[in-house]
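Notes for the one structure printed next.
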Amino acid sequence: MTEPEKRRVDPINALRQRRYEAAHGDTEGFRRQHEKGKLTARERIQRLVDRNSFEELDLFTRHRSHVLGLAERRPYGDGVVTGMARIGGRDVMLFSHDAAAFGGSLGEVFAEKVCKVMDLAYRNRVPIIGINDSGGARIQEGVVSLAGYAEIFWRNVESSGVVPQLSLILGPCTGGAVYSPAMTDFTFMVSGIAYMFITGPEVIRVTTGEAVTFDSLGGAEVHNTRSGVAHFLAQTEEESFQQTRRLLSFLPQHCGEQPPALPESDPPDRTDPGLDTLIPQSVKEPYDMKEVIRRVVDGGDFLEVQAFHAMNIVVGFARLAGQPIGVVANQPKVMAGSLDIDASVKGARFVRFCDAFNVPLVVFEDVPGFLPGTQQEYGGIIRHGAKLLYAFCEATVPKLTVITRKAYGGAYCVMCSKHIRADYNAAWPTAEVAVMGPEAAVNVIFRRQIEAAADPAARRAELVADYTKRFANPYVAAERGYLDEVIEPSRTRPALARALRLSMRKERRQAPRRHGNIPL
């Protein structure tokens, strides 16, 4: 090899050697991660994205050498791996905490790397995905770490409603670190390894005397069932990656484009006779609204969101005639489908996401009203219920509603009625649209007649039967034009597909204001 050739080759070999050392340097840290049953930062990215699509950025960054107590330890990457990749053939930006370096704690350079990919995602209008496994702020860097978190938080807000933001919690996420995932659109957690809490068990024990474990305080099950902080629960990291890829398949790259439609593999005019007999004879007997959803949407494919929280309302993504839709439905199997605080907040958050990213809304309604009781009233059901009402009123995407059975009281108005500008409202013949149920209405309206009757029970039954025949049906609302159609249940899919096709053409007007003041 000649001297000029050697001079050209040596720097390239040096680069390759340095790149290898940067990516594979801390073998002991990687071993500890594997012993915990967890993947490393780069392994996680490689499992999540399309094969060979990841391009790492800022591989050679290190923390500033003056950092207190860390001058002799300056690993490449500074505890986070960042870059760009493709998922399903579409571009995304990513960052993945590297718990093998300083426990994945956030310092100045760490924050700069995360902010860079968030800025790239915002400017180039692609989703941003964060894989979280961090001990929180890097104590040695003091207030600089706190400033780094605040810079990330600001970008979360700037990107909200512009590009989809997803958070995968695959390790501890504590203190200030929890606020960034909380401001993203969807949070994924893996059972047994993922934790989120403001203050840990030891701090709680010292300050309040409570004895709690990591799992009972902020484990994946707690946040998927009780708090509602998380949206998806997985048993393994691989399952979480599959959930992430599936969710992204329904979403646009940014707020300025439509969600990705697929060729129609399920005929839009397909009918389902099984829907005609799905509603029980007794109005007090429950049925599974998810079965209705699966029978109507393309191929029965429904991705439920927050499946284990506020289960009296069902939200999630599906397709109708190839077009992604957001589904909101009351669940008669849980609390008779009534709306409570948690269900209202869950529904409102989902509706606002769909409206931000051009995902049409399809509502299946069977609601007896808002859940009564002092606990709900003291907890602010008025304010929280108004969130769902506000979200539906504010939404300008196509809004289609089918009433399957009960639509009582204020809940009828809230669940995307014609009066809050739904584009298409239909009902099954089994629907009851009224202020309240027949028995309750008769007890209020005819109380004196019943008390004066020779046989109060017989008179009450007679009045209930008459009220049911006259008012507990969809036809009074249809006469007023509050319902566009009363349809056979078996024809729900063709009716919705036709209405969706037409409403996709409507002009979406923007209110002349900075923003409304939703009752938070």
Side-chain angles (χ1 to χ4, degrees), residues 269-297 300 302 311-314 320 327-339 343 361-370 399-419 422 424-442 461-499:
D269 58 353
R270 171 178 59 79
T271 60
D272 190 329
L275 290 172
D276 290 335
T277 56
L278 193 143
I279 299 291
Q281 289 289 332
S282 171
V283 295
K284 297 181 179 180
E285 187 177 343
Y287 62 96
D288 189 356
M289 187 64 86
K290 295 181 191 177
E291 182 65 19
V292 176
I293 297 168
R294 285 190 288 264
R295 287 175 176 268
V296 170
V297 302
F302 176 56
M311 296 168 68
N312 45 322
I313 196 168
V314 176
L320 184 63
V327 177
V328 181
N330 307 113
Q331 176 56 289
K333 286 184 67 175
V334 181
M335 296 162 50
S338 59
L339 292 171
L361 289 161
V362 175
V363 179
F364 293 94
E365 182 176 357
D366 184 351
V367 60
F370 285 90
K399 298 182 287 189
L400 320 177
T401 301
V402 176
I403 302 172
T404 60
R405 191 162 64 176
K406 298 181 294 295
Y408 291 162
Y412 155 73
C413 303
V414 169
M415 288 298 295
C416 206
S417 61
K418 180 66 71 178
H419 322 286
Y424 173 76
N425 296 77
W428 290 0
T430 48
E432 302 177 8
V433 185
V435 175
M436 60 181 69
E439 292 186 6
V442 164
E462 179 184 341
L463 290 169
V464 167
D466 180 65
Y467 185 95
T468 300
K469 181 179 179 180
R470 294 173 60 188
F471 300 108
N473 60 66
Y475 300 107
V476 175
E479 287 176 10
R480 293 278 184 171
Y482 302 159
L483 296 172
D484 298 303
E485 287 188 281
V486 178
I487 60 175
E488 298 174 29
S490 61
R491 299 197 59 79
T492 302
R493 175 179 167 82
L496 286 173
R498 182 183 65 248

> Side chains of Y482 and V476: does their closest heavy-atom pair fall under 4.5 Å?
Replying inline: no
>> To check you understand the geometry: which heavy-atom pair defines the closest contact between P286 and P332, and what is its length?
In response: CB-O, 3.6 Å
> Is there a donor-acceptor pair closer than 3.5 Å between any side-chain N or O of N312 and the backbone N or O of S338?
Replying inline: yes
> How far apart are the C-alpha atoms of Y412 and E365, what are their side-chain angles, what is the distance that settles it, and do they pass the side-chain hydrogen bond (donor to acceptor under 3.5 Å, both in side chains) test?
Replying inline: CA-CA 8 Å; Y412 155 73; E365 182 176 357; over 6 Å; no
>> With heavy-atom distances below 4.5 Å as the criterion, would you say the side chains of F364 and V314 are in contact?
In response: no
> Is R498 close to D269 at the side-chain level, that is, under 4.5 Å between some pair of heavy atoms?
Replying inline: no
> Would one find more than 12 heavy atoms of other residues, nucleotides or ligands at under 6.0 Å from atom CD of E439?
Replying inline: no
>> Would you say that D288 contacts Q331 through its side chain, given a criterion of any heavy-atom pair below 4.5 Å between the two side chains?
In response: yes
> With sequence neighbours left out, what residues match K399 under salt bridge (charged side-chain N to carboxylate O under 4.0 Å, His left out)?
Replying inline: none
> Can you check whether E432's main-chain N or O pairs, donor with acceptor, with N473's side chain at less than 3.5 Å?
Replying inline: no
> What distance do I313 atom CD1 and N330 atom CG have between them, rounded to the nearest 0.5 Å?
Replying inline: 6.0 Å
>> If I compare all heavy atoms of G410 with all of F370, which pair ends up nearest, and what's the gap?
In response: C-CE1, 4.3 Å
> In Å and rounded to the nearest 0.5 Å, what is the NZ to CE distance from K333 to M311?
Replying inline: 8.5 Å
> Taking only residues two or more places apart in sequence or in another chain, which ones pass side chain to side chain donor-acceptor pair (under 3.5 Å) with N425?
Replying inline: K418
>> I want to check something: taking the side chain as every heavy atom from C-beta on, are T401 and S417 in contact at a cut-off of under 4.5 Å?
In response: no
> What closest approach, in Å, do A497 and L320 show between heavy atoms, and which atom pair accounts for it?
Replying inline: N-CD2, 3.8 Å
> Can you name the nearest heavy-atom pair linking A329 to M289, along with the distance?
Replying inline: CB-CG, 3.7 Å
>> If I compare all heavy atoms of P474 with all of L483, which pair ends up nearest, and what's the gap?
In response: O-CD1, 3.4 Å
>> How long is the straight-line distance from CG of D272 back to CD of E291, given to the nearest 0.5 Å?
In response: 8.5 Å
>> Give me the atom names and distance for the closest heavy-atom approach of D484 to Y424.
In response: OD2-CA, 3.3 Å
Residues 486-493, side-chain donor-acceptor partners within the protein, below 3.5 Å, at least two apart:
{"unit_1": "S490", "atom_1": "OG", "unit_2": "D276", "atom_2": "OD2", "d": "3.4"}
{"unit_1": "T492", "atom_1": "OG1", "unit_2": "W428", "atom_2": "NE1", "d": "2.9"}
{"unit_1": "T492", "atom_1": "OG1", "unit_2": "P489", "atom_2": "O", "d": "2.6"}
{"unit_1": "R493", "atom_1": "NE", "unit_2": "P267", "atom_2": "O", "d": "2.9"}
{"unit_1": "R493", "atom_1": "NH1", "unit_2": "V296", "atom_2": "O", "d": "2.9"}
{"unit_1": "R493", "atom_1": "NH1", "unit_2": "D298", "atom_2": "OD1", "d": "2.8"}
{"unit_1": "R493", "atom_1": "NH2", "unit_2": "D266", "atom_2": "O", "d": "2.7"}
{"unit_1": "R493", "atom_1": "NH2", "unit_2": "P267", "atom_2": "O", "d": "3.2"}
{"unit_1": "R493", "atom_1": "NH2", "unit_2": "D298", "atom_2": "OD1", "d": "2.9"}

> Is there a donor-acceptor pair under 3.5 Å between the side chain of T404 and the backbone N or O of T430?
Replying inline: no
